[in-house]
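By convention here, the first residue in the shown sequence is residue 1. Not measured: the values here are computed from a predicted model.
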Amino acid sequence: MDTMIVVFFLIFTATGIVCEKAFHFPNDFTFGVATAAYQIEGGWNDDGKGENIWDRITHERPEWVKDKQNGNIACDSYYLWETDIRLLKQLGVNFYRFSLSWSRILPTGKPNKINWSGVKYYSDLIDKLLANNIKPVVTIYHFDLPQYLQDMGGWPNVLIASYFEDYARVAFEQFGDRVKTWITINEPSEVCDSGYGTGGAAPGFEQSGTLDYLCGKTILLAHAKAFHLYDKYFRRQQKGEIGITIVSQWSEPKTDFIEDKEAAERRIQMQFGWWAHPIFSNIGDYPPIMKDRVGNLSRCQHLKESRLPMFTTKEIGYIKGTADFLGLNHYSTWLISDDSEKNCSTVSYENDIGAKSFQDPSWVPSAANWLKDVPWGFRKLLKWIKMEYNNPRIYITENGFADLGELHDAARIHYHAGYLNELLNAIYLDGCNVKSYTVWSLIDNMEWKDGYTLKFGLYYVNFTDSARTRTPKSSAHFYKEVMRLRQVPIHTPHLIVL
């Protein structure tokens, strides 16, 4: 362990992170880590769990995943959950964000058949977290739709919104006496754009500009239904809060030309604003630029109505204001240039946006080709949200860095130190209302279509060992020190061995 301390000393002093002022995190600011059910649990068909869309696609099309692997066992957290809680306790986090597996609780997705073994699994996990003074932050849906509901059309079928409301009711009834922070849906853009538009996520449909927009309307209605259900029947007794998590990278104009500035604004409005504007804006509904762009292109494609399914006036009012907080997942930044010339021959979400994305080759890379270490973009995004949506209460629900699994992960420490410093700048210099920070992720896991080729964990998992042993990386020591000091260490910190 002395070797680990020396290595940490060398790693941290080599990061070059400089903070103009050593801000401390506010007294009410909290720290945590996150995981998701399919990515860590395993036990894919154990104890009555039903099949979900990731089970189906990875079994039928193993070549679709980069390393041809699946989540059948993953980190084996269905059986090693107490081990994971020991890691959380060692880290000293305030909360643990995890997700429920819809098909583990309701094997068909419908409430007429509850799998009580699945309910017990999450109930035991929640009880043990609380016994260790760790707050459970629970995501109701994190990408793993029951296959039975996908066979009905999946999220593009608006009926799924009602099934989601039924599922949320079961979650509130079974766990709401102990869970006080709920996230309805994680990253709707990944659910819809990747799942039904580009085919980059399960269920793997490639109908961009049509199915993704149908999915989006259902997702927003499903979220609103769950919020109103909680607000009307559970909030008073359970005294909790409920929000949604939206992912956004920062869009920086590639040049100072007005066309590129407009393209960068258009991209963030049509990516982040697609979800945030209906909920957090004063007027609700989709962003006006999104309605205009999709509507105009639909007309030049000789369609009778917009490919973007409109909300009724009643639905706009029903969705608006349905969040106690904004969960924000953020990883990186893109440079944006204009590409808005009308192209009537192409039906796609990207064509509707009309912008090109680049990343500066000088930016510090990660093992993921889309993720660069660009901390200044984090602060810009937070300030943009403050100005656009009247400074909502923000929980950073994911922020993380991909590598190949190094135990002495200097690049991850550099990334988190930089992003945490910019978060502090956003709080103290810009007045952004940010209340918590969550590292993605607690442990290395199944990273969706990338399989096990990318590592985001503070703890290394040996996937060739049937015991799935977990080993702390240098970044785990770093994050523990951040929480102990309640600031980003400027000088080499005194380490507390885990």
Electrostatic pair [X]-[Y], nearest N-O below 4.0 angstrom:
X	Y	value
R412	D403	yes
K49	D55	yes
R486	E481	no
R97	E398	yes
D47	R104	no
E51	R56	yes
E388	K383	no

What do you reckon, are the aromatic ring centroids of [X] and [Y] less than 6.0 Å apart?
X	Y	result
W81	F98	no
Y419	Y415	yes
Y38	F143	no
F29	F31	yes
W44	Y78	no
Y213	W274	yes
W448	W64	no
W250	F272	no

Do Y163 and W155 pass the ring pair (Phe, Tyr, Trp, His ring centres under 6.0 Å) test, and can you show the C-alpha distance, the side-chain angles, and the key distance before you say yes or no? CA-CA 10 Å; Y163 289 124; W155 285 107; over 10 Å; no

Pi-cation contact, Y479 with R484 (under 6.0 Å, within 45°):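 No.
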
Is it the case that K254 places NZ or CZ above or below the six-membered ring of F358, under 6.0 angstrom from the centre and within 45 degrees of the axis?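 Yes, a cation-pi geometry.
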
Where is the tightest heavy-atom contact between [X] and [Y], given as atom of each residue plus distance?
X	Y	result
I140	A168	CD1-CB, 4.3 Å
S436	Y395	OG-CB, 3.2 Å
E252	T333	CB-CG2, 4.3 Å
I126	P136	CG2-CG, 4.1 Å
F172	Q238	O-NE2, 3.0 Å
L404	T453	CD2-O, 3.7 Å

Any heavy-atom pair between the side chains of [Y] and [X] that's under 4.5 Å?
X	Y	answer
D324	F227	yes
W363	L335	yes
E265	I268	yes
K473	K455	yes
I105	V119	yes
Y121	E41	yes
I396	L382	yes
R470	D84	yes

From L80 CG over to L87 CG, what is the distance, rounded to the nearest 0.5 angstrom?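 Those atoms lie 10.0 Å apart.
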
Output the distance between atom CG (L130) and atom CG (L125), rounded to the nearest 0.5 Å.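 Atom-to-atom, L130:CG and L125:CG are 9.5 Å apart.
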
Steps toward side-chain hydrogen bond (donor to acceptor under 3.5 Å, both in side chains) verdict (H223, T322): CA-CA 8 Å; H223 160 78; T322 54; 3.1 Å; yes

Pair [X]-[Y], side-chain donor/acceptor within less than 3.5 Å:
X	Y	value
T30	K435	no
W54	Q39	no
D46	Y79	yes
T245	T397	yes
H330	S248	no
H24	Y428	no
S441	Y459	no
D193	Y349	no

I'd like to know if the side chain of [X] reaches the main chain of [Y], judged simply by a donor and an acceptor atom lying under 3.5 Å from each other, with no hydrogens or angles considered.
X	Y	result
D444	G457	yes
K356	I336	no
R178	G176	no
S332	K372	yes
N132	K128	yes
K180	E241	no
T438	G32	no
H142	N186	no
Y122	S101	yes
N52	L145	no

K135/T181 under side chain to side chain contact (heavy atoms under 4.5 Å, CB included): CA gap, chis, key distance, verdict: CA-CA 9 Å; K135 176 183 176 181; T181 299; 2.9 Å; yes

Between F23 and Q487, is a side chain to side chain contact (heavy atoms under 4.5 Å, CB included) present by the stated rule, with each step listed? CA-CA 6 Å; F23 291 123; Q487 70 177 126; over 6 Å; no

Dump the intermediate steps for side chain to side chain contact (heavy atoms under 4.5 Å, CB included) on I443 and L458, then the final yes or no. CA-CA 6 Å; I443 49 181; L458 296 176; over 6 Å; no

Using the ring pair (Phe, Tyr, Trp, His ring centres under 6.0 Å) rule, take W370 and Y331 through it: C-alpha gap first, then chi angles, then the decisive distance, then the call. CA-CA 9 Å; W370 54 270; Y331 288 88; 5.7 Å; yes

Tell me every residue that passes ring-ring contact (aromatic ring centres under 6.0 Å, His included) with F164, counting only those two or more places apart in sequence or in another chain.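 ring-ring contact (aromatic ring centres under 6.0 Å, His included) check on F164 returns W102.
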
One pair to check against side chain to side chain contact (heavy atoms under 4.5 Å, CB included): W275 and I185. What are the steps and the verdict? CA-CA 11 Å; W275 315 102; I185 296 167; over 6 Å; no

Other residues, nucleotides and ligands only: do more than 12 of their heavy atoms fall within 6.0 Å of CG on N133? no

